[in-house]
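First the proteins, then the strands, lettered A, B, ... as listed; each starts at 1. It should be emphasised that the depicted structure is a prediction, and the values quoted were computed from it without experimental measurement.
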Amino acid sequence: MPIPKLKDIKNWSVEFENQITSIWKESDQFAFNENTKKKIYSIDTPPPYINTPIHMGHAVTYSYMDFFARYKRMQGFEVLFPLGLDRNGLPIEMGAEKKFGITSFVVGREKFIEYCEKLLAETSVESIDSFAKLGISFSSYKQGKSIGSVYLTDAPEYRSVTQATFIELYKKGLVYEDNRINNWDPKLRTTVADAEIDYKELPSNFNDIKWKIKETGEVVVIGTTRPELICACGMVIFNPKDERYTHLEGKTAISPIFEEEIPISAHPLAQIDKGTGLVMMCSAGDLSDIQFFREMGLKTKISINQNGTMNERAGFLQGIKIKEARQKIIETLKEKGLLVKQVPITHRTPISERSGAEIEFIEMKEFYLKQLEFKEDLRTIAKKINFFPPESKKILDDWIDSVSIDWPISRRRYYATPIPLWYAEDLVALPIPGEYHVPWKESPQEEAEVFKAGKRIGIVKDFPKTDWKGEERVFDTWFDSSISELVLLKYKENNEFFKRAYPASLRPQGKEIVRTWLYYTILRGYLETGKPCFENTWIHQHILDEKGRKMSKSLGNTIDPQELLRDYGAEALRLWSAEEGDISRQDLSCSKDKIKAELKTITKIINVAKFIMQFEKPKGKPKSVTPLDQLMIDYMEEITKSTEQCYDNYDFWHPTLKLRHFLWEVFASHYLELVKNRAYNLEKKFSDLESESARYTLYYLLERYLLLVYPVIPQVTTVIAKELGIEIAKESFPKAILSKNDGLENIEKIMTFNKEVWKDKKDKNIPLREKLSGKEIPENLKAYAIDLQACHNLV
RNA sequence: GGUCCUGUAGUCUAGUGGUUACGACGCCUCGUUUACACCGAGGAAAUCACCAGUUCGAUUCUGGUCAGGACCACCA
């Protein structure tokens, strides 16, 4: 279907949009040209998860990214604006488990991955369709080898780059495996990073339990929420200022039931007014305990298994799940008269963000990527990246300050990038980077390098009889997504291009993933290249519901962008996104009424264009233009200038507000009314030159206006511009020619005068077209008298 | 607990050390004006959160209070 003609458009409609965007989607008109001589502007777009349709936040923020992309093209950049789809990790696994009613570790790895792939294959292309309907000008909507094609984070090409970077980090000695206490999610059976932990206030009991002092035989009472961990207690502490207990310093406590000798010491961590003031420090209580054990050099006492049950250390509790163990030990303590009392409290409990399970802290081997030693470097690197808005940099700085352990990068899950290693006794085989390796079901390459105690001692071929065992763990999803800009710019694949295009021009993303995606990307980019990975980063806030609350399924206040696209269309949604506020500075409240209302502006633009285009367009600029016309031209140049300045700082909000005001309040309501007569010139009241001046100016203003709003509402502007003989997608952004005209305030005065006249006529019940006598044109508006007189029929 | 942000008509917001505080959505009245009834003209609606201070003057600056939000944090 062809793109509609302006004369056939009465109201802008979703029907037209569907015609236009389906042509755009297939056209590849914004395909990235890697041989370009233009400067490259690359946008490291956040790959959304494919297994759920896009939400309001996506719709609005991708619209913004599209504003940026379209504007940068107008500025003469070759824009790389790829569509990526994130398909790795827990959300896919959880989706597969839910959809097919399976559990990963029950069906087995190979089978489970097939389920995940099945889910991904069946997942509708709804997300991609929604982006196309929004008119997002991605470099391509197709998968392929060329730069700018749609990329998938689980594709072998992507995963092979992830693995290649790991192989090199490993060789550089930046990766190490260590026995450490980890945040353990017993439900998903995996370690999780600090960044993936939420805290929830959950009801719990404070249990006051009797302990004995070895040296004196005295009985003390210790309060704890985790009595099942008595067997994991490494020290009992009290506050140094707590006079009740100073006599216990250096003495030994005997743990109830287990009868272990535990040292007692003063430590500021203990709070006098909390519980009984005595605290049992266990190596699996929570993060504070872990930190304490490290600090005091205590040996950890692990009492919890990876499946969430108690181990042999827990004696009679062995094999029982943690919560049941707590019940059981409380029973036992009661029986033995060791439980003094129970006080119900709410307890701030660490919760796995993804599964909702309570986090346990257990010791196991994991891979870590060194990051602590780079904190200072990262601060320096971050300073070289421009933040929009600048305040958002603080989120990153705060996070860098609070990073306290190296990054655990290994996970015990299935649908993710495998860690490319093989083992045989004390040997480690490291494959050649560049290919995708699946160690848990493949043998190592013949050429894979073999390391012993960190030293290269040959290749796999040299050890023919060795029985290699493939690594079974996978990478944390952030280990994949933190190289998005490298993959996008063809790191390790097209060195020439990479050298030319790195660092990426812009990273747009939400504030909530600054401490994950942005931080990790800066870290990885720095480790790979030693440079900042972005020139600019644009951090956005959130989309809220009409009343300013978070949208959530449980509140039932979600607004589905697919529905908005169907009812009001992309242009209205995009224009609303720009006009509602600056999403980099504040949350936007989403109102259907307001989005609907933006259709009026779209229609207004069409009607203004139709009106102007009924006149013949003068060829070239007339010898002279009238003062009123010149005034409007100068005003437009002023708007052009301020629009450009704002757009350059990713501010599309102030300009669209200003342009809206211009369209409705100045251009349509006043200027058009004033020059109508002169443009028609039916009664030949004006000279040909004056009439030509009007028509010239009308076209000038219309064309300029279209260019300025094109990045925000590309469809309407494209349709109108096409009939003006302009292919707007290929136009340059206009350069403002600022005049010395200091009479711009005259616009206000003219508007005030017009309003006065219209009110006069209404008060006197005179139709607007009829003559009005006795109204003097003020001295400072005499220059515009011919139009004022003709418009109002003043006599 | 710490840090930061916000508080302007029913809703969302702009803006300012100084006469009647911008606008949008919604609401009301009138009007079929020949680009547009997805229109035009007009109207109602805000003690600019509260308290104190600086000032001739504060919605605007400062401090505090209250409310909401975000991020961070070692409560056994």
Check every atom of B:G40, B:C38, B:G26 against the side chain of A:D593 and return the nucleotide holding the closest atom.
-> B:G26

Atom-pair distance (CD1 on A:I612; P on B:C36), nearest Å | 14 Å

A:Q645 to A:N649 - nearest heavy-atom pair and separation | O-ND2, 3.2 Å

P atom, B:A67 versus B:C50: distance in rounded Å?
-> 15 Å

For A:Q371 and A:Y519, test the side chains for any donor-to-acceptor distance below 3.5 angstrom and give the result as yes or no.
-> yes

G-U wobble or Watson-Crick pairing nucleotide for B:A73 (cut-off 3.5 Å, both distances) | none

Would you please confirm or rule out a distance under 4.0 Å between OP1 or OP2 of B:C71 and any side-chain N or O of A:R515?
-> no

A:K511 has a side chain; which of B:C12, B:C72, B:A70 sits nearest to it?
-> B:A70

Span that lies between the C1' atom of B:G31 and that of B:C12, in whole angstrom | 30 Å

Quick one: look up who B:C25 pairs with, Watson-Crick or G-U, both distances under 3.5 Å, and put none if it's unpaired.
-> B:G10

So, is A:Y680 near the phosphate of B:A35, with a side-chain N or O under 4.0 Å from OP1 or OP2?
-> yes

Just to confirm, is there a sub-4.0 Å distance from OP1 or OP2 of B:G26 to any side-chain nitrogen or oxygen of A:K592?
-> no

Rounded to whole angstrom units, what separation is found between the CG atom of A:D587 and the P atom of B:G69?
-> 12 Å

Earlier contact from the 5' end, RNA chain B, for A:W664 and A:W653 = A:W653

Looking across every strand, which nucleic acid part, if any, lies under 4.0 Å from A:A668 by heavy atom: base, sugar-phosphate, or nothing?
-> base

Does B:C48 pair with anything, Watson-Crick or G-U wobble, both distances under 3.5 Å, and if so, with which nucleotide?
-> none

Measure the distance from NZ on A:K600 to P on B:G23 and round it to the nearest whole Å.
-> 16 Å

What interatomic distance, in whole Å, is found between P of B:G15 and the corresponding atom of B:C72?
-> 29 Å

Using the P atom on both, measure B:U34 against B:G18 and round to a whole Å.
-> 44 Å

Please determine if A:D397 and A:R379 form a salt bridge, counting it only when a charged side-chain N lies under 4.0 Å from a carboxylate O.
-> no

Interatomic distance where CD belongs to A:Q541 and C1' belongs to B:G69 [whole Å] | 11 Å

Provide, to the nearest angstrom, the distance between the CD atom belonging to A:E579 and the P atom belonging to B:U11.
-> 22 Å

For B:C39, the nucleotide meeting Watson-Crick or G-U wobble distances (both under 3.5 Å) is B:G31

Ranking B:A73, B:C12, B:C25 by distance to the side chain of A:W399, first place goes to B:A73

When rounded to whole Å, the CZ to P distance for the pair A:F662 and B:C22 reads 23 Å

Pick the nucleotide of RNA chain B nearest each of A:V608 and A:K755; which residue has the one closer to the 5' end?
-> A:V608

Note: A:K604-A:E598 ion pair, threshold 4.0 Å (strictly below) | no

Starting at NZ of A:K594 and ending at C1' of B:C38, how long is that distance when rounded to a whole Å?
-> 18 Å

In the strands shown, is B:U55 matched to any nucleotide by a Watson-Crick or G-U wobble pair with both distances under 3.5 Å, and which?
-> none

Check the distance between B:C39's C1' and A:K676's NZ and give it to me in whole angstrom.
-> 11 Å

Which part of the nucleic acid, if any, lies within contact of A:K610, taking any heavy atom under 4.0 Å across all strands shown: a base, the sugar-phosphate backbone alone, or nothing?
-> nothing

Nearest-Å distance once atom C1' is located in both B:U47 and B:G40 | 34 Å

Counting any heavy atom closer than 4.0 Å, what does A:L599 reach on the DNA or RNA strands: base, sugar-phosphate only, or nothing?
-> base

Between B:C25 and B:A41, how far apart are the P atoms? Round to whole Å, please.
-> 13 Å

Describe the nucleic acid contact of A:E673 in one word from base, sugar-phosphate, nothing, applying a heavy-atom distance below 4.0 Å.
-> base

Expressed as a whole number of Å, how far does the P atom of B:G43 sit from that of B:C5?
-> 40 Å

Gap in Å between the two P atoms, one belonging to B:G2 and one to B:G64, rounded | 13 Å

Parallel, tilted or perpendicular, as decided by the 30° and 60° cut-offs, for the rings of A:Y680 and A:F611 = perpendicular

So what does A:I222 touch, heavy atoms closer than 4.0 Å: a base, only the sugar-phosphate, or nothing?
-> nothing

May I ask you to say whether A:E703 pairs ionically with A:K617, meaning some side-chain N is under 4.0 Å from a carboxylate O?
-> yes

Provide the closest heavy-atom pair for A:I329 versus A:E228 in the form atom of the first, atom of the second, distance.
-> CG2-N, 3.8 Å

Salt-bridged, A:R678 to A:D629, with N to O below 4.0 Å?
-> yes

